Amino acid sequence: MFKLIPRENVSPVLSLLGPLFSVGLTMIVGGILFYFLGVDPFAAIKMIFWDPLMSETFSTYSIPQIFIKGAPLILIALGLSVGFKANVWNIGAEGQYIMGAIFGASFALSLYPLESIVIFPAMILIGVIGGCLWSMIPAFLKVKFQVNEILVSLMLVYVAEQILALASLGFLRNPDGAGFPGSRNLNQYTSASNAEIIAGTGIHLGVLLSLLMVIFFYVLLFRHSLGFKIKLLGNSPKASGFSGDNPNKLIFLCLILSGSLAGLAGIMEVAGPAGQINIDFNVGYGFTAIIVAFLGRLNPIGIFFAGIVMALTYVGGELTQFMLNLPAAAIQVFQGMLLFFLLSFDLFVHYKIKLKGNK
Amino acid sequence: MNNKIENTLFQSRAINKEFGNVRANNDISINVRSSQIHALLGENGAGKSTLVKIIYGLLQPDSGSMTFLSEEYSPKSPKDARALGVGMVFQHFSLFEPLTAFENILVGLDKELGEKELHASVIMLSESYGLEVNLSSFIGDLSAGERQRVEIIRALIQKPKLLIMDEPTSVLTPFECESLFKTLKKLASEGTSILYISHKLKEIADLCDTASVLRKGAIVGEYDPKKMTPRELGEIMVGQSLFEPKRPVAANKSNKVLSVKINEVKPDTQFGVTLKNIDLAVYQSEILGIGGVAGNGQEELMQVLTGEKKDRNVSIKYMDNDIEMLNPRERREIGLAFAPEERLGHAAVGNLNLLENSLITDPKKRFQMKMGFIDFSELNEYTNEIIEKFNVKTTGVSALASSLSGGNLQKFVVGREIGQKPSLFIVNQPTWGVDALSAANIRQAIVDIANTGAAIILISQDLDEILEISNKVAFLTNGNLSIPTNTMDIKTDEIGAIMGGISD
């Protein structure tokens with residue numbers, strides 16, 4: 001039998017090496033997986049991690065794409081990381097992301113075809129509020145009735161998906177769309193379009209906001225007393241109470257932040273790269289962002305790099321799909337392995353394993 | 001004398017044990033003779049626990065050997081140790097609260113024994129050694145003294161030749177201590193040797209035949225505690241001369257700082273204590289000592305005083321303001337400071353560094369700039385000041401609190417609070433698990449701020465500490481507080497009666 005014994009001294013170097021180690025191991029095990037799928041593993045790994053950045057044929061398209069795919073991941077992961085630090089486990093960012101998009105898009109489309117410069121900022125604000133309201137449900141239930149926020153936030157993802165389907169087929173369906181599901185394309189509605197800010201790249205306001213948010217969260221967590229209070233609550237609720245903080249307020253704050261950022265990511269996406277509300281609008285950014293948050297060690301700078309690496313696997317994964325015919329699911333397994341190896345590595349960083357005798 | 005030396009029961013020769021690069025035991029050789037109570041005396045971290053864990057088979061020595069009953073002895077586990085005749089009673093009880101006392105004894109057995117047979121031998125043991133326990137009571141309902149008796153019975157049922165007791169009196173009332181001593185003396189007179197770990201010098205003088213003193217992992221020597229004063233023994237233990245803090249000179253009776261009235265406050269958990277009929281006041285430059293055995297409401301009283309628990313049935317007046325509905329931060333802002341008993345996870349957080357730990361109690365937003373940003377230069381300066389003034393041994397302000405020894409962390413916590421120059425300082429167990437020299441320093445620091453005008457409430461289970469520096473004392477028994485009396489007027493035998501809840 002094995003026994004886990006906590007290590008007395010946790011090496012900070014090892015703990016920083018974790019993300020690198022898990023990326024490396026994912027490449028190796030992923031390569032083996034690709035081999036059995038009948039694909040040259042070296043070509044596939046190169047195509048995921050190298051070609052999007054370095055290949056002349058792909059990079060002009062894929063480098064901006066990495067930032068576009070990375071932006072929602074970074075935004076959502078930043079919000080989640082604050083909660084995770086305080087032991088508030090919002091894993092329903094996917095639902096908050098969907099609700100942000102639906103709220104914002106519904107507002108904009110209700111004004112169509114009215115043109116005004118107020119519409120765009122108002123739409124973003126309403127999108128943020130939508131995501132925030134969706135995360136207020138688990139916050140309220142947790143504070144008021146001690147209901148586990150993990151379950152509530154997760155189940156609300158499925159509710160949000162149903163609302164998304166309802167919107168696509170019902171109240172937001174494009175009246176000029178010949179009966180196809182899906183809303184009007186917001187990119188064709190000037191006042192509501194999250195248009196590209198660098199011509200020809202597709203880079204939109206959300207990308208810029210994700211970078212600004214990295215700085216904002218860095219300051220919040222490491223320079224501001226609020227960040228300290230969150231950290232204190234996560235480390236010891238008792239010490240937090242002794243300090244004089246109200247844990248319920250902090251729980252609300254964490255869920256407001258994570259819901260709002262997921263909502264922001266949602267509205268940026270629907271008014272930008274996605275363009276419209278549709279049944280398949282959400283592609284799992286809200287869940288992948290959980291991996292990004294941990295891969296980035298819940299540190300804003302780390303989350304930035306983790307978001308970029310994760311976006312790379314999306315962009316590179318798409319490349320392997322149409323160049324090497326790798327199934328899309330293979331890339332999801334690939335992303336899942338990242339988190340798996342990271343968590344296993346962490347276990348060995350924090351614990352040592354002792355073989356117990358026959359007893 | 002000579003035949004006693006020949007009567008060696010247990011012997012260790014040159015035991016060494018290292019943890020990382022810390023030598024916990026350095027060439028330790030001791031000799032425990034039959035029928036003797038042998039004290040193992042030393043400060044926290046001197047290596048006492050490591051040594052007895054090796055004897056009880058919980059740890060294996062890096063080198064060295066042991067003999068027991070004239071035979072080579074190297075237990076691989078506590079089970080081995082018990083089978084050979086070594087028993088141990090731990091400082092922190094290892095009993096199951098939802099089981100009865102008898103069931104606890106039953107599950108602790110290595111050998112299968114019939115329930116009836118066991119019951120008979122338990123009754124016999126408890127009668128012949130004065131170990132009174134209601135066997136059908138649930139452990140959760142028993143006092144610390146009763147729980148300890150269950151543990152002792154559990155150890156004795158295996159008929160040990162050597163019984164190890166790890167700081168057994170830390171949780172007992174004076175009355176319970178006396179009855180424990182009687183038990184131990186009887187056991188010794190019947191041939192069981194006892195290895196008695198403690199840093200309480202007076203009880204060692206009363207009880208023990210021999211004392212081996214450890215300092216920094218090595219044996220300093222073997223002494224006869226009956227022929228030395230506790231102070232001499234203490235100085236050998238610490239390795240330098242000790243000073244005794246003096247109580248504050250005079251309380252200023254005209255300036256009442258705090259008065260507390262509690263009718264009844266129910267606990268939050270099933271095993272908590274209900275506070276009842278508490279009425280206390282503390283004046284400027286006065287130390288009010290609150291004694292009593294752990295688990296009699298200290299924790300609950302502390303929570304009411306800090307504001308972590310607010311209750312309408314409490315009235316707290318601080319310099320003419322009603323503060324019972326204020327939270328801890330608001331209380332700190334008007335001049336209170338607190339140091340709760342639990343250092344890690346309450347007063348301080350192990351995973352945070354010392355800078356961040358300074359930030360936990362930040363009255364008057366001293367470490368904050370405009371809009372809540374942290375003022376790191378101020379924080380750095382303050383934290384360094386605490387480390388320096390209170391002689392906290394650490395690698396620096398960015399060291400994690402968990403890397404500090406218990407004593408050093410306690411100095412840090414007390415220093416952090418005293419540094420805020422409070423008008424009222426409420427402290428629970430300021431020197432628990434702290435080495436003698438640091439303890440004296442902490443007490444002196446508390447006396448010093450009292451002398452500059454602060455009022456102090458000192459909650460402590462260490463009776464000597466309370467008697468040494470308090471102006472007034474009161475005792476908590478089962479959630480009730482006795483009427484505070486002048487320390488000078490109180491007699492030791494009265495204390496036992498009050499703590500045992502006999503008077504009133």
Side-chain angles (χ1 to χ4, degrees), chain A residues 1 3 5-13 15 82 84-87 146 215-250 253 257 297-299 346 349-352 354-359, chain B residues 19-22 76-77 79 299 302-303 306-310 326-333 336 338-353 355-363 365-376 379 398 400-403 413 417 428:
Chain A
M1 231 191 86
K3 205 178 167 191
I5 299 162
R7 286 183 200 270
E8 278 149 29
N9 298 310
V10 175
S11 153
V13 180
S15 126
V82 174
F84 292 167
K85 270 184 188 288
N87 276 340
Q146 281 83 47
I215 299 166
F216 174 82
F217 274 83
Y218 185 86
V219 172
L220 175 77
L221 285 176
F222 296 110
R223 292 278 171 256
H224 197 272
S225 52
L226 205 55
F228 172 72
K229 286 177 185 176
I230 287 166
K231 201 172 167 187
L232 185 61
L233 176 67
N235 271 291
S236 167
K238 212 171 165 186
S240 171
F242 174 63
S243 176
D245 296 330
N246 182 339
N248 290 345
K249 280 187 190 163
L250 289 172
L253 178 82
L257 278 174
R297 287 273 177 252
L298 306 183
N299 175 314
D346 276 1
V349 170
H350 291 283
Y351 295 89
K352 50 190 171 191
K354 214 177 161 183
L355 261 174
K356 286 281 274 186
N358 47 357
K359 268 167 244 169
Chain B
F19 296 106
N21 43 16
V22 180
K76 293 275 169 279
S77 70
K79 205 174 170 180
E299 189 71 35
M302 189 70 189
Q303 286 201 325
T306 60
E308 285 164 275
K309 179 168 177 153
K310 293 180 223 163
L326 300 186
N327 72 30
R329 177 168 292 127
E330 292 160 339
R331 289 183 196 198
R332 271 183 213 111
E333 275 164 13
L336 284 79
F338 318 99
E341 173 185 7
E342 207 183 325
R343 293 183 280 257
L344 276 182
H346 193 184
V349 177
N351 276 336
L352 301 182
N353 65 31
L355 281 182
E356 294 169 311
N357 271 294
S358 295
L359 210 47
I360 292 177
T361 56
D362 176 22
K365 301 205 165 66
R366 177 174 173 174
F367 311 124
Q368 283 184 27
M369 302 184 295
K370 269 183 213 150
M371 299 173 67
F373 288 97
I374 297 167
D375 184 345
F376 279 97
L379 188 59
S398 51
L400 292 184
S402 57
S403 71
V413 167
E417 300 308 321
N428 189 4

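Remember, it's a predicted structure, so these values are computed and weren't measured experimentally. Only heavy atoms go into these numbers, but all of them, side chains included; no hydrogens, no water, no symmetry mates. We name chains A, B, ... by the order of the sequence lines, and we start the count at 1 in each one.
- Of the residues considered (B/L359, B/L352, B/T361), B/L359 shows the highest number of contacts with chain A, using heavy-atom pairs under 4.5 Å.
- For the pair B/R343 and A/F242, the cation-pi test (distance below 6.0 Å, angle within 45°) is failed.
- Within the 4.5 angstrom heavy-atom criterion, no atom of A/N246 approaches chain B.
- For a residue to count as touching a neighbouring chain, one of its non-hydrogen atoms must lie under 4.5 Å from one of that chain's; by this rule B/E356 touches chain A with backbone and side chain alike.
- Residue B/R332 touches chain A through its side chain alone, counting heavy-atom pairs closer than 4.5 Å.
- Residue contact with chain A, scored on non-hydrogen atoms closer than 4.5 Å, is absent for B/E330.
- No donor-acceptor pair under 3.5 Å is formed between the side chain of A/D245 and the backbone N or O of A/G241.
- Using a 4.5 Å cut-off between heavy atoms, B/M369 does not touch chain A at all.
- A distance-only check finds no donor-acceptor pair linking the side chain of A/R223 to the backbone of B/F376 [under 3.5 Å].
- No donor-acceptor distance shorter than 3.5 angstrom exists from the side chain of B/D375 to the backbone of B/R366, with no hydrogens or angles considered.
- A/N87 places a side-chain N or O within donor-acceptor distance of the main-chain N or O of A/G234, the cut-off being under 3.5 Å.
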